[in-house]
Structures are given as structure tokens and as C-alpha cells.
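As C-alpha cells, the structure follows; a few thoughts come after it.
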Amino acid sequence: MKFTNLLAGAALMFASTAVIASPMNIGGVVWDPDTETNLPSIKDFAMHGSIFETALEGFTPGQIITGQGKAERINFSTNNESSFCPGCELTFTFSMELVNASLTDFAFKDLALNFYIDTSPDFTGSDDGTSDDGVLWLSLALNPANFLTGGGTNIGTGSDIGTGGGVLDVIGGLAMGHFDSNGELFGGDMVLSSSFQPLPGTNLLSGTFDLTGKSIPEPASLALLGLGLLGMAGARRRKA
Ligand SMILES: [Ca+2]
Ligand SMILES: [Ca+2]
Ligand SMILES: [Ca+2]
């Protein structure tokens, strides 16, 4: 086989991996973008899980809320951890700073949300090192055009019940290139929503979260590299 043919073959392989959608395996987290049918067609990634967080104490701006949790579903309606994270766990930690709040609403800034994958599944729900061990899988921050906002009842009292959310940008981690779609409001990448209520017997709040976005099978740079190789192969062939 001629070198030019080999080159063309390699370029075709690159080009095809760039367009074949599923399933994806990014650092051990596996999902099939084609299985998500409940979302608008522009989205094909839906994560759902548990969240535990500290509660506001009154409405004084500058308070830092921290929390942690675990992904329990990806593109599925019930817990499918054993499918999307076989032999591993995908957990997260977050922090954010209060801008303002009342009994019925709130706004936070400087949200930092980091997902970690590790192969010793032992998440306890607490801030004890089981939520941020392993490899940084995805790092997110609030899109600068918005705050994390929401509302409910008894906000700031310790008996807080409510929901909140915002548009996020991916800013780091193993999977960053696979979610950097700029396809959400404000040119953001993913949408976060969450619920919270008192966790009995503690001074914490607990709830669930949903994180949605668009999967990108290969980072744009790899797809471009594939196209570049195709072009080179074509040019060599014409020359020959
Ligand atoms: Ca662990
Ligand atoms: Ca862990
Ligand atoms: Ca982006």
C-alpha cells in the first residue's frame, strides 16, 4: 500500500471518529448521547444525582456555601451508576458566595463546581475526602452573565426548602473538551438546577441536582486535525 493511501486511510479514521456519536467513554465515565430522548434535540447529556450542602445563616452577603454529592444517573431515568461508572464513582464538591437573599429568594456568585472520578467507590455524603478524591473529571464555573438564583420558603432559617439554578461554563478537567459547546444561554455550556430541603438530624440541607448539556464526541482540535490530514492526503495524491 502506498504511503498516500495509508495517510488517506488514517485521515478517514480521524474524520469518522469525529462524527460517530456513541457511546462515549471519557476517563471511565460512559454514556450514549443517542439514548437521551427527553431533552430538546440540542441537548444529549443529562446527569442527575444527590447533593448535601451547608445552609445559609441569615442574609448577610459574602457567606460561603459549600457542599458535595454524587452523580447517580446519566441519560437514564433511574440510578445507573453501574453502567456509566463501572467500578468507579463520580462525585463533586462545590462552593459559592452569597450576593443577596430574603426568606423567599437568593442569588449566589463565584460558583466553583468540580467533579472527580475514582476507583474506590466509598462516597459517604460528607466532606470527608470521599467526594474530591481521584482525578478531576470536569470543572465548572458560573457563566459571568448570570448568578445562581432561585427561591423557596424559609430561606436563611435552617429550614430552607427551595430550588435554584444557573448557566455554567466548563473550565477544566478531563472531560472539558467534550462539553465546551457554548450552546446554552449567554454562550454557556451547561445548565444546572437543584433542589434542597433540611436534612433531619443535621444542620445541613440535602436535595438533588440536574446538569444538562451537549456532548462533543471529539474536541474540535482533533476533528480539525482529521480534516487537515484529509486535505494533505488529497494534495499528495493530486501531486502524484
Ligand atoms: Ca474513593
Ligand atoms: Ca470519591
Ligand atoms: Ca464554553
Side-chain angles (χ1 to χ4, degrees), residues 17-18 21-33 36 43-53 64-75 80-81 83-97 108-123 127-146 148 165-194 209-225:
T17 45
S22 60
M24 293 177 55
N25 182 339
I26 309 302
V29 180
V30 183
W31 75 97
D32 184 345
E36 181 49 68
K43 293 179 184 246
D44 60 20
F45 179 88
M47 176 194 287
H48 175 94
S50 57
I51 189 165
F52 303 91
E53 61 189 320
I64 306 292
I65 295 296
T66 63
Q68 58 281 331
K70 186 168 69 152
E72 295 168 347
R73 310 173 191 169
I74 294 182
N75 289 9
N80 67 334
E81 281 186 85
S83 300
F84 76 74
C85 203
C88 55
E89 67 181 2
L90 185 60
T91 59
F92 65 88
T93 61
F94 76 91
S95 68
M96 56 188 182
E97 181 178 335
F108 287 90
K109 66 177 183 178
D110 295 342
L111 171 69
L113 170 61
N114 293 303
F115 284 86
Y116 301 87
I117 182 171
D118 82 285
T119 52
S120 59
D122 54 3
F123 178 59
D127 177 18
D128 58 3
T130 60
S131 53
D132 58 358
D133 56 337
V135 175
L136 181 64
W137 190 73
L138 187 62
S139 186
L140 301 121
L142 261 186
N143 181 284
N146 75 157
L148 188 145
V167 177
L168 311 187
D169 293 325
V170 294
I171 58 169
L174 263 185
M176 175 186 170
H178 298 277
F179 292 109
D180 191 12
S181 68
N182 301 334
E184 299 291 348
L185 195 62
F186 315 128
D189 302 312
M190 304 186 92
V191 173
L192 175 72
S193 62
S194 70
F209 75 94
D210 291 277
L211 183 66
T212 60
K214 173 76 180 162
S215 313
I216 302 171
E218 294 294 329
S221 56
L222 264 187
L224 283 176
L225 179 61

Report task. Name all residues meeting the salt bridge (Lys or Arg N to Asp or Glu O under 4.0 Å) criterion together with Glu184; count only those two or more places apart in sequence or in a different chain, and write none if there are none. Result ->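 Glu184: salt bridge (Lys or Arg N to Asp or Glu O under 4.0 Å) contacts with Lys43.
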
[Y] side chain reached by [X] side chain, heavy atoms, under 4.5 Å:
{"X": "Leu113", "Y": "Leu168", "value": "yes"}
{"X": "Phe209", "Y": "Leu192", "value": "yes"}
{"X": "Glu81", "Y": "Phe84", "value": "yes"}

Requested in this report: For the pair Phe115 and Met47, evaluate side-chain contact (heavy atoms from CB on, under 4.5 Å) and give the outcome as yes or no after the intermediate values.
Outcome: CA-CA 12 Å; Phe115 284 86; Met47 176 194 287; 3.5 Å; yes

Query raised in the report: Relative to each other, are the rings of Phe45 and Trp31 parallel, tilted or perpendicular (30° and 60° limits)?
Result: perpendicular

**Report entry** side-chain contact (heavy atoms from CB on, under 4.5 Å) partners of Leu174, counting only residues at least two apart
**Finding:**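 For Leu174, the residues satisfying side-chain contact (heavy atoms from CB on, under 4.5 Å) (neighbours in sequence not counted) are Val135, Trp137.
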
Query - Results of side-chain contact (heavy atoms from CB on, under 4.5 Å) for Ser139 - residues two or more places apart only - result: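 Applying side-chain contact (heavy atoms from CB on, under 4.5 Å) to Ser139 gives Asn114, Leu136, Ile171.
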
Query raised in the report: Would Asp44 and Ser215 count as a side-chain hydrogen bond (donor to acceptor under 3.5 Å, both in side chains) if you check the C-alpha gap in whole Å, the side-chain angles of each, and the deciding distance to 0.1 Å?
Result: CA-CA 6 Å; Asp44 60 20; Ser215 313; 2.7 Å; yes

Inter-residue atom distance [X].[atom1] - [Y].[atom2], 0.5 Å rounding:
{"X": "Asn146", "Y": "Leu111", "atom1": "CG", "atom2": "CG", "result": "10.0 Å"}
{"X": "Glu89", "Y": "Tyr116", "atom1": "CD", "atom2": "OH", "result": "13.0 Å"}
{"X": "Met96", "Y": "Asp110", "atom1": "CE", "atom2": "CG", "result": "11.5 Å"}
{"X": "Leu90", "Y": "Ile117", "atom1": "CG", "atom2": "CD1", "result": "6.0 Å"}
{"X": "Phe108", "Y": "Leu142", "atom1": "CZ", "atom2": "CG", "result": "10.5 Å"}
{"X": "Asp210", "Y": "Ile51", "atom1": "CG", "atom2": "CD1", "result": "10.5 Å"}

**Report entry** Test side-chain contact (heavy atoms from CB on, under 4.5 Å) applied to Val30 and Ser83, step by step
**Finding:** CA-CA 7 Å; Val30 183; Ser83 300; over 6 Å; no

Closest heavy-atom contact between [X] and [Y]?
{"X": "Asp118", "Y": "Pro121", "answer": "OD2-N, 4.5 Å"}
{"X": "Pro86", "Y": "Gly28", "answer": "CD-O, 4.1 Å"}
{"X": "Ala145", "Y": "Phe186", "answer": "CB-CG, 3.5 Å"}

Requested in this report: Report the C-alpha distance between Ser131 and Phe123 in whole Å, list the side-chain angles of each, state the deciding distance to 0.1 Å, and finish with yes or no for side-chain contact (heavy atoms from CB on, under 4.5 Å).
Outcome: CA-CA 6 Å; Ser131 53; Phe123 178 59; 3.6 Å; yes

Please confirm whether the backbone N or O of [Y] pairs with a side-chain atom of [X], one donor and one acceptor, at under 3.5 Å?
{"X": "Asp132", "Y": "Thr93", "answer": "no"}
{"X": "Asn182", "Y": "Gly188", "answer": "no"}
{"X": "Asn80", "Y": "Ile74", "answer": "yes"}

Query - Result of checking Leu138, Asn143, Val167 against Met190 for side chain to side chain contact (heavy atoms under 4.5 Å, CB included) - result: Leu138

Report task. Compute whether any side-chain donor of one residue and acceptor of the other, for Gln68 and Thr91, lie under 3.5 angstrom apart. Result -> no

Requested in this report: Test Glu97 against Ile64 for side-chain contact (heavy atoms from CB on, under 4.5 Å), laying out the working first.
Outcome: CA-CA 5 Å; Glu97 181 178 335; Ile64 306 292; 3.7 Å; yes

